[in-house]
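Each chain gets a letter, A, B and so on, in the order the sequences are listed, and its residues count up from 1.
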Amino acid sequence: MHDLQLFRSQLDSTAERLASRGFSLDKNAFRAIDVKRRDALTEVERLKADRNERSKDVGARKKAGEDTTDLQTAMRAMGDRIAELEASSEQLDVEFRDMLKGIPNLPHESVPIGKDEHGNVEVRREGAAATMNFAPKPHWDLGVDLGILDFERAAKVTGSRFAVYFGQGAKLERALVNFMLDTHTAEHGYMETLPPFLVNSDSLYGTGQLPKFAEDLFKCEGTDYWLTPTAEVPVTNLLRDETIDAEKLPVKLVAYTPCFRSEAGSHGRDVRGIIRQHQFQKVELVKFAHPEHSYAELDGLTHDAENILRKLELPFRTMALCTGDMGFGSAKTFDIEVWLPGQNSFKEISSCSNYDAFQARRAGIRFRGTKKNEFLHTLNGSGLAIGRTWVAIVENYQQADGSVTVPKVLQPYLNAEQITRQGLLT
RNA sequence: GGAGAGAUGGCUGAGUGGUCUAAAGCAGCGGUUUGCUAAACCGUCGUAGUUCUAAUAGAGCUACCGAGAGUUCGAAUCUCUCUCUCUCCGCCA
């Protein structure tokens, strides 16, 4: 949702900023419907004011013992007229709001201008790929050979784009969850949060997944419950319709959840392995920040996410997304990409975004400022996607004999230094 | 799943058809006075939309008392549906 005043007072520059991210705003249509809607509203409100006054008069006359039958008859007709005008006014309002809902967030001035992912700018690169004197395998071969990953049985139990983990593979997933939660809570100052994994429509609207992206979600039949696509939804909506004290900012929360995505529209992409699944696990960082500090908080959040890769000694690079490649509600986004030797490429493992007041305005999240209550800024980023981290470890730490060395920081969690073949079912 | 009771502003809480333009208290904010870790008194204090005024302020109007629909000239108040909370019963990890 947008700041209406900004659109009205600076329509030209706003349209230019939107154009930089590939969205063309029809300025004439905007002005026309805005004026039409306000005219209709003014007329209805004028009639309502009139009715309120006359109704009061009816009450007064009745009290004085006068006959008000004629007056009431006349006012019934007035009521019908109001209902009629109100319906058309509401129709215009819905039209106007629908148009606003379809407009993406304004990019921050520091975001590089670009059309697509080729316009993204690398801001950091850390770590070096391990030297391997053999051809590195992709995780879908390594994992299956090790007996820790099974796609065929998952397809039988559920369908495509699902996976089953066995033995040390399952434990590696659990170890990563604990390692990430421990690091973010103990070292980065986030509060651990365990939210519901099902969310309602209001929450999805608040963070921007609805109404535009319903086809990306799974819905529970006969209910208003949806499987959460990311912990961003339940966690950000924890403060929906609330006003919190400014001195509590920034509020920093970290949550582990499974995430469910229909992946409509990505048929044929990343079909092999566990890079793109209908269900994946993720540790998510969420911040509620004061508008003056939100960009510094974004840098901090990105650093917190990168720190997981530093500790795991996995090579990565951080990209500032350009205007044309950012998500719908984001004002600025850093993607963290981890190196995958099995695929000889970098792969996104975290996306850290500042939404400015875009989500806060939709969800009604405010803080008590010095003069009046204001919308705060919401931020979030993966810290990290568990499945893709699992992939990165398996591929980067693979040995010539097909086993996988466990990164030092994970050894206490896994209670092992090596992942070896789990032969029970495979 | 069954029975019952509830939902009012940041919080507590009054209000069962017409000055509700929502009482009062607490907390917050501004001020006055007195002065030892404070008290008393005065003022202020919701959100959104919209109109006007030379206007990052003020004055008005409209809507909002869990949500939606209805009855009525007029609804926080009456009716219906739904959601949530609490109590008891049933079931259950």
Query raised in the report: Picking from B:rU47, B:rC73, B:rU50, which would you name as closest to the side chain of A:Gln72?
Result: B:rC73
Requested in this report: Show your reasoning for whether ring pair (Phe, Tyr, Trp, His ring centres under 6.0 Å) applies to A:Phe30 and A:Phe96.
Outcome: CA-CA 8 Å; A:Phe30 179 91; A:Phe96 185 65; 5.7 Å; yes
Query raised in the report: Hey, does the Lys NZ or Arg CZ of A:Arg362 hover above the aromatic six-ring of A:Tyr205, less than 6.0 Å from the centre and inside 45° of the axis?
Result: yes
Query - Interatomic distance at P, B:rA3 relative to B:rG9, whole Å - result: 29 Å
Report task. State the pairing partner of B:rA5; accept Watson-Crick or G-U wobble contacts with both distances under 3.5 Å, and report none otherwise. Result -> B:rU85
Query raised in the report: Contact class for A:Lys48 (heavy atom, under 4.0 Å): base, sugar-phosphate, or nothing?
Result: sugar-phosphate
Query raised in the report: A:Glu86 or A:Asp39: which one's nearest nucleotide on RNA chain B is closer to the 5' end?
Result: A:Asp39
Query raised in the report: Would you say a side-chain N or O of A:Arg37 is under 4.0 Å from OP1 or OP2 of B:rG49?
Result: no
Report summary line: Side-chain contact check for A:Leu41: nearest option of B:rU47, B:rC73, B:rG49 is B:rG49
Query raised in the report: Which whole number of Å gives the distance between the P atom of B:rU37 and that of B:rG25?
Result: 26 Å
Query raised in the report: Would you say a side-chain N or O of A:Asn52 is under 4.0 Å from OP1 or OP2 of B:rA63?
Result: yes
Query raised in the report: Using the P atom in both, what is the distance from B:rA63 to B:rA69, to the nearest Å?
Result: 15 Å
Query raised in the report: Roughly how far apart, to the nearest Å, are B:rC80 and B:rG10 at atom C1'?
Result: 33 Å
Query - Nucleotide forming a Watson-Crick or wobble pair with B:rG17, both distances under 3.5 Å - result: none
Requested in this report: Sort out the partner of B:rC52 for me: Watson-Crick or G-U wobble, both distances under 3.5 Å, none otherwise.
Outcome: B:rG58
Query raised in the report: NA contact type, A:Arg81, heavy-atom cut-off 4.0 Å: base, sugar-phosphate, or nothing?
Result: nothing
Report task. Look through every strand shown and name the nucleotide pairing with B:rC11 as Watson-Crick or G-U wobble, where both distances are under 3.5 Å. Result -> B:rG25
Query raised in the report: Is there side-chain contact between A:Glu95 and A:Lys36, with heavy atoms separated by less than 4.5 Å?
Result: no
Requested in this report: Quote, to the nearest angstrom, the P distance that separates B:rG66 from B:rC11.
Outcome: 13 Å
Query raised in the report: Counting any heavy atom closer than 4.0 Å, what does A:Arg76 reach on the DNA or RNA strands: base, sugar-phosphate only, or nothing?
Result: sugar-phosphate
Requested in this report: Can you tell me the distance, in whole Å, between the CG atom of A:Asp93 and the C1' atom of B:rU62?
Outcome: 13 Å
Report task. Taking atom C1' in both B:rC64 and B:rA22, compute the distance separating them and give it to the nearest angstrom. Result -> 13 Å
Requested in this report: Figure out the CD/C1' separation between A:Glu90 and B:rA63, and round it to whole Å.
Outcome: 11 Å
Requested in this report: For A:Arg61, answer base if it contacts any base atom (sugar-phosphate contacts may also be present), sugar-phosphate if it contacts only those atoms, and nothing otherwise; contact means non-hydrogen atoms under 4.0 Å.
Outcome: nothing
Query raised in the report: Can you check whether A:Arg38 has a side-chain N or O nearer than 4.0 Å to OP1 or OP2 of B:rU51?
Result: yes
Report task. Considering only atom C1', compute the distance from B:rU12 to B:rG28 and round it to an integer number of Å. Result -> 15 Å
Query raised in the report: With rounding to whole Å, what would you report as the distance between B:rC86 and B:rU79 at their P atoms?
Result: 25 Å
Query raised in the report: From the list B:rC84, B:rA63, B:rU50, which nucleotide is the closest neighbour of the side chain of A:Tyr225?
Result: B:rC84
Query raised in the report: Are A:Glu43 and A:Arg46 close enough for a salt bridge, meaning some N to O gap below 4.0 Å?
Result: yes
Report summary line: As its Watson-Crick or G-U partner within any shown strand, both distances under 3.5 Å, B:rC41 has B:rG31
**Report entry** Nucleotide opposite B:rC91 in a Watson-Crick or G-U pair, distances under 3.5 Å
**Finding:** none
Report task. Looking only at side-chain atoms of A:Val58, point me to the closest of B:rU50, B:rU21, B:rG18. Result -> B:rG18
Query raised in the report: A:Ile386 versus A:Val177: any side-chain heavy-atom pair under 4.5 Å?
Result: yes
Requested in this report: Using the ring pair (Phe, Tyr, Trp, His ring centres under 6.0 Å) rule, take A:His2 and A:Phe358 through it: C-alpha gap first, then chi angles, then the decisive distance, then the call.
Outcome: CA-CA 6 Å; A:His2 293 282; A:Phe358 189 80; 5.3 Å; yes
Query raised in the report: Counting only Watson-Crick or G-U wobble pairs whose two distances fall under 3.5 Å, which nucleotide matches B:rC64?
Result: B:rG46
Query - Under 3.5 Å on both distances, the Watson-Crick or G-U partner of B:rU71 - result: none
Requested in this report: Between A:Gly59 and A:Arg8, name the one whose nearest nucleotide on RNA chain B is closer to the 5' end.
Outcome: A:Gly59
Query raised in the report: Are side-chain heavy atoms of A:Asp150 and A:Leu425 found at a separation under 4.5 Å?
Result: no
